[in-house]
Every structure is written in structure tokens, then in C-alpha cells.
Amino acid sequence: MSQLHGVGVGRGIAAGKALRMPDRLTPPTDAPLEGDAEGEVQRATDALHQVAGDLMSRGETVGGEAQDVLQAAALMAQDPALADDVAARIRAGVNAEFAVQEAFGQFKQMLVALGGYMAERATDLDDVAQRVIAQLRGVPAPGVPMSDEPFVLIARDLAPADTATLDLDKVLGLVTQDGGPTSHTAILARSKSITAIVGVPELLDKVSDRQLIIADARSGEVTLDPTAEQQEAAEAERIKRAEVANAPITPGALADGTPVQLLANVGRPEEAAAALELGAEGVGLFRTEFLFLDSKTPPTVEQQTEQYAAMLRAFEGKKVVVRVLDAGADKPLAFLNDDDEENPALGLRGIRALRANEKVLRDQLQALADADAATDADLWVMAPMIANAEETEYFVTISREYGLKTVGAMAEVPSIALQGSQVLERCDFVSIGTNDLTQYTFAADRLLGTVAQFQDPWQPAVLRLVGMLGDAGAAADKPVGVCGEAAADPALAAVLVGLGVTSLSMSAAALGDVRAELKSVTLEEARERAARALTAVDAAEARRFAAGA
């Protein structure tokens with residue numbers, strides 16, 4: 001028996017035989033085109049359409065957050081510029097398979113260079129290309145292996161299309177060699193409540209097909225060749241955790257009764273019903289970008305009001321935190337900023353972009369005020385990428401002009417933690433976006449694999465910044481929440497509360513695991529875990545120290 005270690009997603013545990021993902025397709029050769037070029041162009045075009053249709057269909061089947069990811073992948077396959085590039089390469093004498101590989105590769109490089117939102121989409125292009133090439137070859141696309149019995153899936157990483165459509169009657173758990181806590185694999189696994197461990201070094205070298213393993217997401221441990229006793233213990237633990245997760249839903253609280261509000265991150269009004277069913281006490285992050293990102297001009301006040309009112313009505317009497325438009329150079333919008341920037345992640349984005357285009361901000365605040373007046377939810381409004389007290393005062397002042405009562409700042413830039421007390425003198429609350437806060441703390445792009453070791457909210461430096469904001473909130477008697485992916489990690493959620501965080505917002509599927517974890521610790525124990533984590537030198541050690549190891 002031996003153990004491997006990675007980053008657990010949730011609190012689940014799975015024991016069973018391992019099955020490995022099949023290898024990727026062999027790369028196409030650059031052999032010259034044989035036969036009719038226009039016939040090959042048509043064949044490639046048909047393959048692109050068939051793959052897009054399949055991805056759309058899968059998305060409609062699974063729904064929710066996974067549907068958004070699959071539809072984005074389908075739109076890539078339907079991109080006219082991509083199809084034109086493939087056709088041009090074929091007409092230049094390249095075979096269809098190689099033309100697809102080269103066109104997708106060039107498109108991926110373009111998106112990565114844009115950074116931010118567009119780079120996030122680029123990571124899914126490899127899977128789409130593989131599916132198109134498989135369609136051209138007339139073979140099944142690489143994907144999850146078929147099995148007559150349940151298994152634990154082992155993979156280098158999973159494409160969103162595979163993660164989103166896993167057969168949960170057969171897949172007991174998921175373990176990957178690549179990926180981190182904010183990867184698509186982790187996010188989708190969390191949204192589907194799949195027991196998962198990601199970022200396990202040497203996984204593919206150590207685990208073989210049909211080998212017995214135990215994957216414990218709570219500890220991030222993968223046990224190879226467990227004994228019969230260990231398997232029985234794992235099954236008993238699985239049943240116990242399932243009972244706790246499926247217990248009657250109650251408001252979030254620690255074992256000693258300390259309240260911790262548990263909220264949902266949502267991107268569209270239609271996601272409200274599922275969040276409420278899973279016990280969301282409100283919305284901790286309503287992303288408004290969906291109204292803007294596919295538009296050449298800003299939506300009207302009336303169009304925005306309709307959507308905001310729909311969300312507020314769904315959460316009548318409950319807290320709804322709305323983030324105004326989080327866009328700019330890293331999420332290109334022609335009506336905000338069409339200038340090229342060498343480093344868009346550090347450019348005119350978030351509150352900076354809105355301040356430079358104040359009418360866009362004012363229209364959004366007017367729409368929010370109108371929606372608030374027409375509904376009975378408890379509306380909170382915050383701005384993204386607030387860096388200091390001056391930007392806080394600007395946003396609060398302009399929001400008050402529209403009668404908005406509860407106005408806050410989103411903490412994603414380390415400088416805001418250094419001015420925490422001054423910021424909280426000027427606003428009503430702070431909400432911490434841990435994904436960007438981690439990225440900017442370490443100057444490490446969270447979408448870049450070569451610096452993945454820094455992209456972990458367990459990093460002690462990030463925890464210290466959270467603690468600074470927690471202390472400032474306690475001193476001002478104002479709430480400090482977390483709405484990044486960190487809130488969905490049950491073990492980290494307890495540490496965040498120990499650092500002074502008063503509410504946690506996450507994908508709705510994670511609410512059960514986090515609620516159960518919080519009920520197992522008192523405030524004193526949460527503070528002890530936080531104190532131990534702060535003494536660590538890196539993220540892995542912080543996890544171990546927080547667990548008492």
C-alpha cells in the first residue's frame with residue numbers, strides 16, 4: 001500500500017477499481033492532400049458542424065453551469081473564421097485532419113495571447129479539435145472509458161465535455177494528474193458533486209488499469225492497493241458523509257451556533273431555482289457580464305432592469321449581491337475599451353474601465369435601482385477590482401446617487417487589504433474574490449500551467465491578506481465575505497471563517513459539503529486551524545497544518 005497526494009474537491013470519498021482515460025488520437029501527418037480539395041473542405045465543414053451539434057446537445061442534456069461550458073465549446077467549432085482558416089489550408093494542399101489541427105492550434109495561440117476571459121476559453125480548444133479529427137477519421141472521440149461496473153476514473157486531465165457528462169452511476173470518483181483548485185475540471189466536478197482529486201503528481205506512472213484505489217477528497221489522498229479493512233472503512237465513511245450532506249438543510253452555522261451565511265454564485269436568473277433547492281440563503285455573487293459580453297453596444301436600462309428584477313424576485317426577502325460589469329481589456333468589449341494593451345490583466349478593467357466609461361456604469365446602477373424598487377429582495381451592489389479607498393469612495397458616492405442602500409467593494413487586488421480599515425470606513429461590506437486575489441498576489445496568471453504552483457488560495461500569503469480584511473471588518477463591525485472558488489473547499493471554508501470571514505458564496509452544488517464541514521467545528525477551532533495555516537511556508541503545508549498534521 002502507498003499513497004499519492006493532490007488537491008481534493010469537496011468532502012467525498014470513493015473506493016473501487018481504477019480505469020484510465022484512453023490515450024489521445026495520434027497526431028495527423030502533414031501528408032499532402034489527395035483528391036478533390038472542395039470535397040475535403042465540405043467534409044471538414046460537416047465535421048465541425050457535427051461536433052458543434054453534439055456539444056450543444058450534451059449541454060442541453062446536463063443543463064446548469066456545465067451547459068454554459070459546453071455551449072462555449074460548441075461556438076468554437078462554429079466560429080466562421082476558424083472554418084475559413086481550415087478551408088484555406090485544405091485549398092493550399094493540406095489534408096483535412098492536419099488543416100484542422102493547425103487551424104485550431106493557431107486559434108488557441110491567439111486566444112491565449114488575449115489573456116483573461118478569452119484565454120480561459122482557449123483551454124477547451126484541444127478537446128474540440130480532437131473531436132473534429134475523430135469525426136473525420138470515423139472513430140469515436142477520446143473520452144471516458146465504458147465499463148459494466150463502477151470505477152474511479154484516472155486521467156491526465158478531463159475536457160469539459162467529458163466532465164460535464166460523466167455517468168455518475170458508473171463513475172465513483174475522478175483523479176487527475178494535472179489541474180488545480182480553479183481548473184475547469186475542479187469547477188465542474190464541484191458543480192456535479194463528483195468526488196475528485198486533481199493535481200496528483202506521477203499519477204499516470206503509479207496507477208494501472210483495474211488497480212484498487214481509494215480517493216479521499218477531504219484529505220486529497222489517493223491510497224493504492226488498500227486492504228480489505230481500509231475499503232470497508234472507506235465505504236462506511238462514504239455512507240456517513242452522504243448522510244451528513246443529505247441531512248435537512250439549515251442556515252449555515254458552526255458547531256457552537258456561530259452563524260456563517262451560505263450563499264450561491266450565479267450567472268443567470270434561471271439558475272436561481274437550483275440554488276434555492278440546495279439551500280442557498282441568498283446570492284453572494286450575481287455576475288452581470290452575460291448581458292454585455294456578446295453585445296456590440298451596451299444593453300439598455302430597460303433590458304437590464306428586466307433581468308435584475310427576475311433575479312431579485314427569485315430571492316424575495318433574501319440577500320442578493322450584484323457585481324457591476326467586470327470587464328475591460330481582458331474581456332474585450334468594444335464599447336468599453338478597444339485599445340491594445342501589452343498586459344491586459346493589469347490594464348483598464350473592472351472599476352477602472354467603468355470609470356472611464358461612466359455612462360455604462362450609471363445605466364447599470366439606474367437599472368439596479370429600478371429593479372430594487374420593483375422587488376422585495378435585499379439588494380447589495382459591489383464593484384470589481386477595487387484597489388484602494390479612493391476608488392471605494394468613488395463607487396459608493398455614485399451608487400448612493402441612485403438610492404442604493406448597501407454598497408461594497410470586491411477585494412481582488414492585494415492593495416485593498418493593506419487599506420482595509422480605510423476601505424471599510426467608506427463602504428458597507430467587502431467581498432473577496434480569491435481567484436484574482438491569488439493571481440495578483442503572486443503575479444501568476446491563474447490560467448497558465450507553468451505557474452500553477454502559485455494558483456492556490458491556500459497560499460499563506462493569500463490567507464494573510466484575507467485575515468487583514470477579516471480584522472478590518474471586525475473592527476468596523478461590517479461583513480466580509482468570500483465569493484471565489486476558495487469558499488467551495490470545505491476545509492478551506494473553515495479556515496476562512498477563522499480568519500474573520502462572515503459569509504461564503506460558492507457554486508450551489510458545494511453548499512452541502514461546506515455546510516457539513518462548518519457544523520463540525522467551533523469558532524475557536526476554526527481560529528486555531530487558521531492560525532496553524534498561517535505558519536506554513538506553502539499551500540500544501542497550510543493544508544496539512546490546518547488539518548492538524
Side-chain angles (χ1 to χ4, degrees), residues 251-254 258-265 280-286 319-323 350-351 378-389 391-393 395-396 399 405-438 440-441 457-489 492-506 514 518 521 523-524 526-527 529-531 533-534:
L254 301 182
T258 302
V260 181
Q261 201 169 36
L262 298 182
L263 309 164
N265 294 343
E281 298 170 50
V283 175
L285 173 62
F286 176 40
K319 169 178 165 182
V320 177
V321 183
V322 176
R323 180 179 70 191
I351 188 63
D378 180 16
L379 174 64
W380 295 27
V381 179
M382 63 182 179
M385 297 292 293
I386 294 287
N388 54 33
E391 287 185 343
T392 304
E393 188 157 349
F395 180 67
V396 171
S399 297
K405 299 180 290 295
T406 310
V407 185
M410 199 163 177
E412 301 159 282
V413 182
S415 57
I416 193 173
L418 302 176
Q419 279 197 308
S421 59
Q422 294 166 301
V423 166
L424 280 156
E425 283 175 10
R426 291 162 171 79
C427 67
D428 301 311
F429 70 98
V430 164
S431 184
I432 304 169
T434 50
N435 295 351
D436 269 329
L437 182 61
T438 304
Y440 290 121
T441 298
W458 277 95
Q459 289 282 359
V462 176
L463 298 181
R464 287 185 182 279
L465 294 171
V466 173
M468 292 170 71
L469 288 164
D471 290 344
D477 194 24
K478 292 180 179 178
V480 173
V482 167
C483 62
E485 279 299 314
D489 179 339
L492 183 50
V495 169
L496 295 173
V497 172
L499 292 169
V501 168
T502 57
S503 68
L504 298 163
S505 188
M506 63 205 75
V514 172
L518 294 182
V521 297
L523 181 58
E524 183 180 353
R527 287 171 173 165
R529 292 186 186 187
L534 289 176

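Nearest heavy atom pair, residue A487 against residue A493, reads O-CB, 3.9 Å. What you find for V521 and A494 is that their closest heavy atoms are CG2-CB, 4.2 Å. Residues I386 and A383 approach most closely at CG1-O, 3.6 Å, considering heavy atoms. For G284 against C483, the heavy-atom pair with the smallest separation is O-CB, 4.1 Å.
Inter-residue side-chain proximity for V381 and F395 is flagged as met; some heavy-atom pair is nearer than 4.5 Å. Counting heavy atoms from C-beta outward, L499 and V480 have side chains that stay 4.5 Å or more apart. No side-chain heavy atom of L465 sits less than 4.5 Å from a side-chain heavy atom of L469.
For D378, there are no salt bridge (charged side-chain N to carboxylate O under 4.0 Å, His left out) partners two or more places apart in sequence or in a different chain. Remark: W458 pairs with no residue by the ring pair (Phe, Tyr, Trp, His ring centres under 6.0 Å) rule, at least two apart or across chains. Under the side-chain contact (heavy atoms from CB on, under 4.5 Å) criterion, S503 pairs with Q261, L263, K319, sequence neighbours left out. A486 pairs by the side-chain contact (heavy atoms from CB on, under 4.5 Å) definition with T434, P457, L492, L496, not counting sequence neighbours. When the side chain to side chain donor-acceptor pair (under 3.5 Å) test is applied to S421, no partner is found at least two apart in sequence or on another chain. Take A475 and apply the side-chain contact (heavy atoms from CB on, under 4.5 Å) test, not counting sequence neighbours, and it matches no residue. Residues satisfying the side chain to side chain donor-acceptor pair (under 3.5 Å) criterion with E281, sequence neighbours excluded, are absent altogether. In this structure A488 satisfies the side-chain contact (heavy atoms from CB on, under 4.5 Å) test together with R190, E485, M506, A510, sequence neighbours excluded. S505 pairs by the side chain to side chain donor-acceptor pair (under 3.5 Å) definition with N265, not counting sequence neighbours.
Without hydrogens or angle criteria, D428 side chain to G408 main chain gives no donor-acceptor distance under 3.5 Å.
Here salt bridge (charged side-chain N to carboxylate O under 4.0 Å, His left out) pairs that include residues 464-478, with residues two or more places apart or in two chains, number zero. Note on residues 417-427: pairs passing salt bridge (charged side-chain N to carboxylate O under 4.0 Å, His left out), not counting sequence neighbours, are E393-R426.
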Which side-chain N or O atoms in residues 410-420 pair as donor and acceptor under 3.5 Å with protein atoms at least two apart or in another chain?
unit_1, atom_1, unit_2, atom_2, d
E412, OE1, M385, N, 2.6
S415, OG, A387, O, 2.6
Q419, OE1, A389, N, 3.0
Q419, NE2, Q422, OE1, 3.0

*Would L518 and L504 satisfy side chain to side chain contact (heavy atoms under 4.5 Å, CB included), going step by step from the backbone distance to the final call?*
CA-CA 11 Å; L518 294 182; L504 298 163; 4.1 Å; yes

